[in-house]
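To start, the structure under review is shown below, and the notes come after it.
Counting starts at 1 for both ligands and their atoms, in listed order. Heavy-atom basis, side chains included; hydrogens, waters and symmetry copies ignored.
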Amino acid sequence: FRPVFGCVVSSVLLWLPGLTGVLQNQKTKEQIESLLQDGKHQELRERLCCRLSFGTAGLRSAMGAGFCYINDLTVIQSTQGIYKYLERNFSDFKQRGFVVGYDTRGQVTSNCSSKKLAKLTAAVLLAKDVLVYFFSTYVPTPFVPYAVQQLGAVAGVMITASHNRKEDNGYKVYWENGAQITSPHDKEIIKCIEECVEPWNGSWNENRVDTSPLRQDPLRRICDSYMQDLTKICYHRELNVQSSLKFVHTSFHGVGHDYVQLAFKAFGFQPPIPVPEQKDPDPDFSTVKCPNPEEGESVLELSLRLAEKEGAKVVVATDPDADRLAVAEQQDNGCWKVFTGNELAALFGWWMFSCWKENCSPDADVRNVYMLATTVSSKILRAIALKEGFHFEETLPGFKWIGSRVKNLLDNGKEVLFAFEESIGFMCGTSVLDKDGVSAAVVIAEMATYLQGQGLTLAQKLLDIYETYGYHISKTSYFLCYDPPTIKRIFERLRNFEGPQCYPKCCGAYNILHVRDVTTGYDSSQLNHKSVLPVSRNSQMLTFTFQNGCVATLRTSGTEPKIKYYAEMCALPGLSDRGVLEEELQKLIEALIENFLEPAKNGLTWRSA
Ligand SMILES: *[C@@H]1O[C@H](CO)[C@@H](O)[C@H](O)[C@H]1NC(C)=O
Ligand SMILES: *[C@@H]1O[C@H](CO)[C@@H](O)[C@H](O)[C@H]1NC(C)=O
Ligand SMILES: CC(=O)N[C@H]1CO[C@H](CO)[C@@H](O)[C@@H]1O
């Protein structure tokens, strides 16, 4: 399919290669037919003269008819491309096999569901004699990368749109190393997809998973082994068993309930109290305005009320595909504190290191130990690492970078305890090389239980961590800017601030110590002035390290018309006047906007959030 062909929509419509596919699904067929009848040529063009772009995150779009939507056909086409790519790259692909998992999403109007799309994914591969590990029921996203590694499969796919709105779905691809694919696999796969857009014989046979001898159900084996592996990061089972602390868990209408229950059992806990209205799968996410626990108190309403009724002090919330975790804790004044991703990371980082230290063998070397975070996440782990003697590393934003780097470190004999990204994604231990809300939920439960024994709450311990390692206060926001030349101008101006190829040395009254430009690969803090991070030419990202301890990153968003900023005040241990630090951070952000963003916007207005 080439976009040009589709542009004389009505007459050639039926000749488009692959269009027979659109028509295989009665519901998406009806959507196209009704657009045709109503003469909605513009919308037809938008739906048919494009192709869903396949990237390192796989596919992500609304479900519905058309080549830039997620539907039976686009999933078949993508899987055919992946088949082609894997067949060329792995001589033992068919024997080693491929993992397919799915969440609980679905949409009546297009008769698409994650399970159906997963069955079609499996059908494409089974028809080509590939061994397929197809889960017999929905699973958390982290189960797929875990299964890929455990089963020695070549790759895997999870059909999920995580915490996105209910209209969306997605197709997330994991490589044999158990991490999400990175470039250039995505580019190669795109080429392969374009080579085989016409569905093959057999690709439509979604019922093949029920009959093919090449299909295996890995559910039992993977679930048992996952729960067994979880206990590697359980350090205080004896406390958990006796604990009277109650927990409420919400699975946000997604996959999490059964798995979080099992994880608590594996740690020796009483089962957490589920939020009844949200415990079972519901593709409409009926009780939340958006299925993202990151939104804080407003979406946690039902959990918090239940916790108050039950006398549970801690609420854990897994997002719909259970790869991320939000946590709230009731404070002495009765109010709830919903922790940010960065705050939770401070707790996890402290906890995973303390547990390691207490349990490591006498000849263990702390210099062999690593923690990781993405460039836009809090630097609290850096502060802990500095004081405790282990390594801290940054990766580009996105867990695919963390996963691949962790695998690399493990292959080189290093020990990785914890990694995170600020958007409540946590990796505790290394059984799964991706964010995992199930393990994070049970680890925080153990932490809260242990702390209760010490007479501390999570919030009190957080302050304690800040006292010990230095306060870390961060603020993230963005400007909407619909004019790409303006965005380009802003960043180019910063690259040529004090003359050609000369980055700013200060921002208003604030002195800049170091600049890192991931777009060009420059980093003034390195001896050779080369950034250790992979160069990322297609996006803008500049990080300034200020003399006062603040670190600020300006970056564009890959998919939205935004300039985002992430600023953090990293104070030295002992500087504990939070108010003063907050004020300083606020003033610095204002200086950043006034000096770095405003002057290059040419009168354009933008909306700040
Ligand atoms: C939805 O798709 C399934 C096959 O996956 C089919 O059996 C069913 O009849 C379809 N439902 C509607 C309403 O078209
Ligand atoms: C696919 O099936 C059709 C009809 O059954 C047949 O004519 C065609 O040759 C088949 N193609 C391949 C590649 O097997
Ligand atoms: C690592 C590897 O073998 N990559 C190859 C995979 O297959 C594509 C063709 O589809 C080649 O271009 C890659 O070099």
Verdict with reasoning, Phe54 to Val173, per side chain to side chain contact (heavy atoms under 4.5 Å, CB included): CA-CA 10 Å; Phe54 186 95; Val173 185; 3.7 Å; yes
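Remark: the Tyr171 side chain and the Thr79 side chain contain an N/O donor-acceptor pair separated by less than 3.5 Å. In the model, Tyr146 has a side-chain atom that pairs as donor or acceptor with a side-chain atom of Ser225 under 3.5 Å.
Residue nearest to atom 8 (C) of ligand 1, selected from Asn111, Asn207, Thr28, Leu117: Asn111 (by heavy-atom distance).
Ring-centre distance between Phe247 and Phe264: below the 6.0 Å cut-off.
Shown here, atom 11 (N) of ligand 1 is in close reach of the protein: a heavy atom of it lies under 4.0 Å off. Protein heavy atoms are found inside the 4.0 Å sphere centred on atom 2 (O) of ligand 1.
Partner of Phe90 under the ring pair (Phe, Tyr, Trp, His ring centres under 6.0 Å) criterion, chosen from Tyr83, Tyr85, Trp175: Trp175.
Residue Lys27 approaches ligand 1 through these ligand atoms, each under 4.0 Å from one of its heavy atoms: 13 (C).
In this structure, atom 5 (O) of ligand 1 lies nearest to the protein heavy atom Glu206 OE2, 2.8 Å.
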